[in-house]
There are 2 protein chains.
Amino acid sequence: MGATKSENFTEKQNQMAIMLKALGHPARIAIMEFLMKTDSCICGDIVNELPLAQPTVSQHLKELKSAGLIKGSVEGTAICYCIDEKALEILRHYFGGISEHLEKRKNNCC
Amino acid sequence: MGATKSENFTEKQNQMAIMLKALGHPARIAIMEFLMKTDSCICGDIVNELPLAQPTVSQHLKELKSAGLIKGSVEGTAICYCIDEKALEILRHYFGGISEHLEKRKNNCC
DNA sequence: TTTATTTATTGCAATATTACGATAAATATG
DNA sequence: CATATTTATCGTAATATTGCAATAAATAAA
């Protein structure tokens, strides 16, 4: 016990959970918002922006990347990280769909 | 160490992280999808639907509720849980905004 | 090649999460 | 009230996450 029982859920459910879990930390939300708001995407800039040590930020970036939310490219000695638009489109569609569905059937019982 | 340093992030960032973290588990995604797809919202039905023991499901429901994603109401000896539309609207708006923003400035560097 | 700069990895301590059996709490029904 | 039904809580073991100092790895520039 202790570990998530992923094998009993659908591929899609696990995929959504992985992406949302990656976003379920304020530092990673802050990283995504920084990448969105600024034109810069150099890792060092992100480290300066966040109230966390460099190794911690590096770890958060790794998690966002492995969840498919950002991608990185080498830029000299620096690394440029960007939001993966495809992932964001999946999220937008997912929550858009739920909202629309709830809108349609106004039979909320609570 | 070990605990998230929430105090160094904005209220909004923490709020988003709390909601998304709550959705960052396949069982909780499955619960949300069940509540969306069926007319039922009885806790017992959710327990039957999920491949997890009743106390585990109860715990997941508690997390979704404390994150503001669902609300529950007593229905005799049963409890009826429903999606909180307001929370879903916040999520829809958040990801819609990011997607739109990315769409606008097509200058992705990666 | 040596040095500087930038990012990643390792190792570890502190804390949080996940899951479930046992049991309690709450409410309905006989 | 006693019993059945349904959900919540407690206690605990297994596992995962968070954060950082120390250090390694990678690349650029001198």
Side-chain angles (χ1 to χ4, degrees), chain A residues 1-9 13-14 17-31 34-35 40-67 70-82 110, chain B residues 1-9 13-14 17-31 34-35 40-67 70-82 110:
Chain A
M1 317 153 196
T4 294
K5 294 174 102 184
S6 310
E7 66 277 12
N8 295 312
F9 298 96
Q13 286 169 339
N14 281 307
I18 285 170
M19 286 200 288
L20 295 170
K21 185 178 187 177
L23 290 173
H25 189 289
R28 296 193 289 268
I29 288 286
I31 290 172
F34 179 79
L35 291 180
S40 163
C41 60
I42 302 299
C43 176
D45 295 347
I46 304 172
V47 171
N48 290 333
E49 180 77 3
L50 295 197
L52 294 168
Q54 179 267 322
T56 306
V57 173
S58 187
Q59 197 174 282
H60 283 308
L61 286 166
K62 190 179 175 184
E63 278 177 67
L64 286 171
K65 192 176 176 187
S66 90
I70 63 175
K71 31 188 188 166
S73 60
V74 180
E75 197 98 354
T77 119
I79 311 262
C80 174
Y81 283 106
C82 294
C110 303
Chain B
M1 315 152 196
T4 293
K5 294 174 103 186
S6 311
E7 65 276 12
N8 294 312
F9 299 96
Q13 286 169 339
N14 281 308
I18 285 169
M19 286 200 287
L20 294 170
K21 184 178 188 179
L23 290 173
H25 190 290
R28 295 193 290 265
I29 288 286
I31 289 171
F34 179 80
L35 291 180
S40 165
C41 59
I42 302 299
C43 176
D45 293 349
I46 304 172
V47 171
N48 289 333
E49 180 77 4
L50 294 197
L52 294 168
Q54 178 267 322
T56 307
V57 173
S58 186
Q59 199 173 280
H60 282 307
L61 286 166
K62 189 179 173 184
E63 278 179 65
L64 285 171
K65 194 176 174 189
S66 89
I70 62 175
K71 29 188 187 165
S73 60
V74 180
E75 196 97 355
T77 119
I79 310 262
C80 175
Y81 283 107
C82 293
C110 303

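Here is how names work: the chains are called A, B, and so on, in the same order as the sequence lines, proteins then strands, and each is numbered from 1.
Between the CD1 atom of A:I70 and the CD atom of A:E63 there is a distance of 10.5 Å, given to the nearest 0.5 Å. With rounding to the nearest 0.5 angstrom, the CD1 atom of A:I79 is 15.0 Å from the NZ atom of A:K71. Note: B:L35 CG to B:S40 OG = 8.0 Å, rounded to the nearest 0.5 Å. Once rounded to the nearest 0.5 Å, the distance linking CG of B:L61 with CD1 of B:I46 reads 5.0 Å. In this structure, the separation between CZ on A:R28 and CG on A:L50 is 11.5 Å, given to the nearest 0.5 Å. Between atom CG of residue A:L23 and atom CE of residue B:M19 there is a gap of 12.0 Å, rounded to the nearest 0.5 Å.
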Every protein N/O lying under 3.5 Å from an N/O of nucleotides 5-11 of chain D:
residue	atom	partner	partner atom	Å
D:dT6	O4'	B:T77	OG1	2.8
D:dT7	OP1	B:C43	N	3.4
D:dT7	OP1	B:G44	N	3.2
D:dT7	OP1	B:I79	N	3.3
D:dT7	OP2	B:G44	N	2.9
D:dA8	OP1	B:Y81	OH	2.3
D:dA8	OP2	B:S58	OG	2.9
D:dA8	N7	B:Q54	NE2	2.7
D:dA8	N6	B:Q54	OE1	2.8

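Proximity of residues 17-31 of chain B to DNA chain D (heavy atom under 4.0 angstrom from any strand atom) is not detected for any residue.
For the residue pair B:K5 and A:L52, the shortest heavy atom distance occurs at CD-CD2, 3.7 Å. Closest non-hydrogen pair, B:P51 versus A:N8, comes out as CG-CB, 3.3 Å.
Remark on the helix from C:dT1-D:dA30 to C:dG30-D:dC1: inter-end axis angle 20°, axes from five-pair C1' superpositions, rounded to 10°.
The SG atoms of B:C80 and B:C41 sit under 2.5 Å apart.
Taking the six-membered ring where the residue is Trp, A:H60 and A:H25 present tilted rings, their angle falling between 30° and 60°.
A:F9 has its CZ atom 11 Å from the P atom of C:dT18, to the nearest Å. Across the protein-nucleic acid pair, A:L64 atom CG and C:dT7 atom P stand 16 Å apart, rounded to whole Å. For the pair A:E63 CD and C:dT7 P, the interatomic distance rounds to 18 Å; values are reported in whole Å. Protein atom CG of A:L52 is 17 Å distant from nucleotide atom P of D:dT17, rounded to whole Å.
In this structure, B:H60 reaches the C:dA19 phosphate: one of its side-chain N or O atoms is under 4.0 Å from OP1 or OP2.
The backbone N or O of B:S6 lies less than 3.5 Å from no partner atom in the side chain of B:T4, so there is not a single donor-acceptor pair.
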